[in-house]
Amino acid sequence: MEYIIKKLSEIKEEGLYRECKYISSAQGSKVNIEGREIILLGSNNYLGLCNDPRLKEVAIDAINKYGVGSGGSRLTTGSYDLNKKLEERIATFKGTESSLVFNAGYMANVGIISALCDRKWTIFCDKYNHASIIDGCILSGAKIVRYKHCDMDDLERKIEIYKGKKNLIVTDGVFSMDGNVAPLNDIVKLAKKYNMRTMVDDAHGVGVLGETGSGTVSHFNLKEEIDIQMGTLSKSIASVGGYVAGKKYIIDYLKNTSRSFIFSTALPPSDIAVSLKAIDLIEKDIERRQKVIELSNWFKAQLKEAGFTITNTVTPIIPIIIGDAKKTVELSERLLEEGIYAPAIRPPTVPKKTSRLRISLMATHTYDDLEYVIQKMIVHGKKLGIIHG
Ligand SMILES: Cc1ncc(COP(=O)(O)O)c(C=O)c1O
C-alpha cells in the first residue's frame, strides 16, 4: 500500500489535494464555517431554496406521515405514493410521457447509459461532459468517442469516421464547470442527419433556463427531439436524487434494467416530498429566476472590467480562470480568510492549466455581499499577479 502514500504526496505537491469544508448552518448565501459567517459562492442552490420554509414544512409533514427511511429498493418495498406523484410531476415539468427517479444524478447517468447502451453502441461525448456521464459510458462497454467541447465540426468529422450501427450523442445542457450552454439545435440537426439518438444532462439548466424553469431542452424548444432528458433533484430543486424523462417505453425499460435503480435503497419520502414542492415553486417563481440571472450578469461584468478571465457563461455559474492549480488554491484560501468561500476547481475535474474559482450565485445573494466579494477579489487578484493595474 506504499503507493497510496506516494500518490497522496504527489497530489499534495501538485496543489491538487482536496479537503471538505464543514458547514454548520443551513445552505444559504451565507453559511457558518468553523464559527465564522462566510459568503458562500459555489453552491448549486441557484434559487436559494435549500432553506426555504415552504420546503422545510413539507419535509417535516412527510417525516411525520412516512417516517425517515425508505426501508427498501424501489422495486421491493421502497416505493411510496409520493414517488409516483413525483415521477408524474417531472414528466409534466419536462414535457415527456414518463419519468423515473434515481437516488442521485450520478446514479441516474451511470444507470441510464449502462442500461441503454452496450458494446454494439458508439457514444459521442462532449469532452467537458460530467464525470458521471463518462462513467456511465465506460460501464456500458460502448465505444466512446469524445468530441471537442461544443465543436460541431469536430463532432460531425468524428461521426463520419466512427459511426456504428447504434449511436448516441450525449451532452451536458449547461456545462457544470463552465456555465455555457450546449448547442442543442445543432446537435439535434446532426442526430437527425445521421439517425442517432440524443441524451441531455440538464443538472444545471433546471431552475435557471427555459420558460418555466424546466431547463435547456425547453429553452431550445426541443422536447420532441431529445430522446433522453436526464437531470438532478439536487441543485435548483434543493433536494436530492436524479431522474430520467422520456418516452414511456424507454422509462419502463430502464425501470427493469438499470442496475443503479434496481439495486439501491430508495430515497427517504421527505426528500421526495421536497422535490415535488420545489418543482411547483420553480414553475411559478419567475422572479427568482430573473434575479439570479440579473445578479450573475452584473457580477460577471464587474469582474471582467477588473481584468479577470471568465468563461463564455450565460448562467449563474461564473468560473474565473486562473490556470495554475496552486495559485487558484492560494486565491481561494485568501478569500476564505476574508469571509468568502469560492471553491478552487482543479484537474482532474477541469483540464490541466485551466484551474479556476468556480463561483456560482444564488437568487438570495445581495448586491452588497457581491460588492464586498469583488473588492476582495481585486485586492488579492492583484497581489497574486492574476490581474494587473
Ligand atoms: C452535469 C452534472 N450531472 C450529474 C451530476 C450528478 O448529480 P448529483 O449531484 O445529483 O449526483 C452533477 C453534479 O455534480 C452534474 O454537475
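Hydrogens, waters and symmetry mates play no part in the numbers below; they use all other heavy atoms, side chains included. Remember, it's 1-based here, ligands and their atoms both numbered in the order they're listed.
- The ligand atoms of ligand 1 that sit less than 4.0 angstrom from a heavy atom of Ala104 are 11 (O).
- Checking Ser24 against Asn32 by side-chain atom types alone, a donor-acceptor pair falls below 3.5 Å.
- Atoms of ligand 1 found under 4.0 Å from any heavy atom of Ser234 (numbered from 1 in listed order, with element): 8 (P), 9 (O), 10 (O).
- The protein non-hydrogen atom at the shortest distance from atom 12 (C) of ligand 1 is His130 NE2, 3.3 Å.
- A salt bridge is defined here as a Lys NZ or Arg NE, NH1 or NH2 lying under 4.0 Å from an Asp or Glu carboxylate O, and Asp153 with Lys148 fails to meet this definition.
- Between Asp151 and Lys127 there is no salt bridge, since no side-chain nitrogen of the basic residue lies less than 4.0 Å from a carboxylate oxygen of the acidic one.
- Under a 4.0 Å N-O distance rule, the pair Glu10/Lys6 qualifies as a salt bridge.
- The nearest heavy-atom contact from the protein to atom 14 (O) of ligand 1 is Lys235 NZ, 3.1 Å.
- Checked against a 6.0 Å centroid threshold, the rings of Tyr66 and Tyr80 count as neighbours.
- In terms of protein heavy-atom proximity, atom 3 (N) of ligand 1 is closest to Asp201 OD2, 2.6 Å.
- Summary of contacts: the protein heavy atom closest to atom 8 (P) of ligand 1 is Gly105 N, 3.4 Å.
- Looking only at distances, no side-chain donor or acceptor of Asn167 sits under 3.5 Å from a matching main-chain atom of Trp121.
- Neither the backbone nor the side chain of Met107 has a heavy atom within less than 4.0 Å of ligand 1.
- Each of the atoms 16 (O) of ligand 1 lies under 4.0 Å from some heavy atom of Ser176.
- A donor-acceptor distance shorter than 3.5 angstrom exists from the side chain of Arg36 to the backbone of Leu336, with no hydrogens or angles considered.
- Close approach of ligand 1 to Ala203 (heavy-atom distance below 4.0 Å) involves ligand atoms 1 (C), 2 (C), 3 (N), 15 (C).
- Remark: distances from the non-hydrogen atoms of Ser132 to ligand 1 include one below 4.0 Å.
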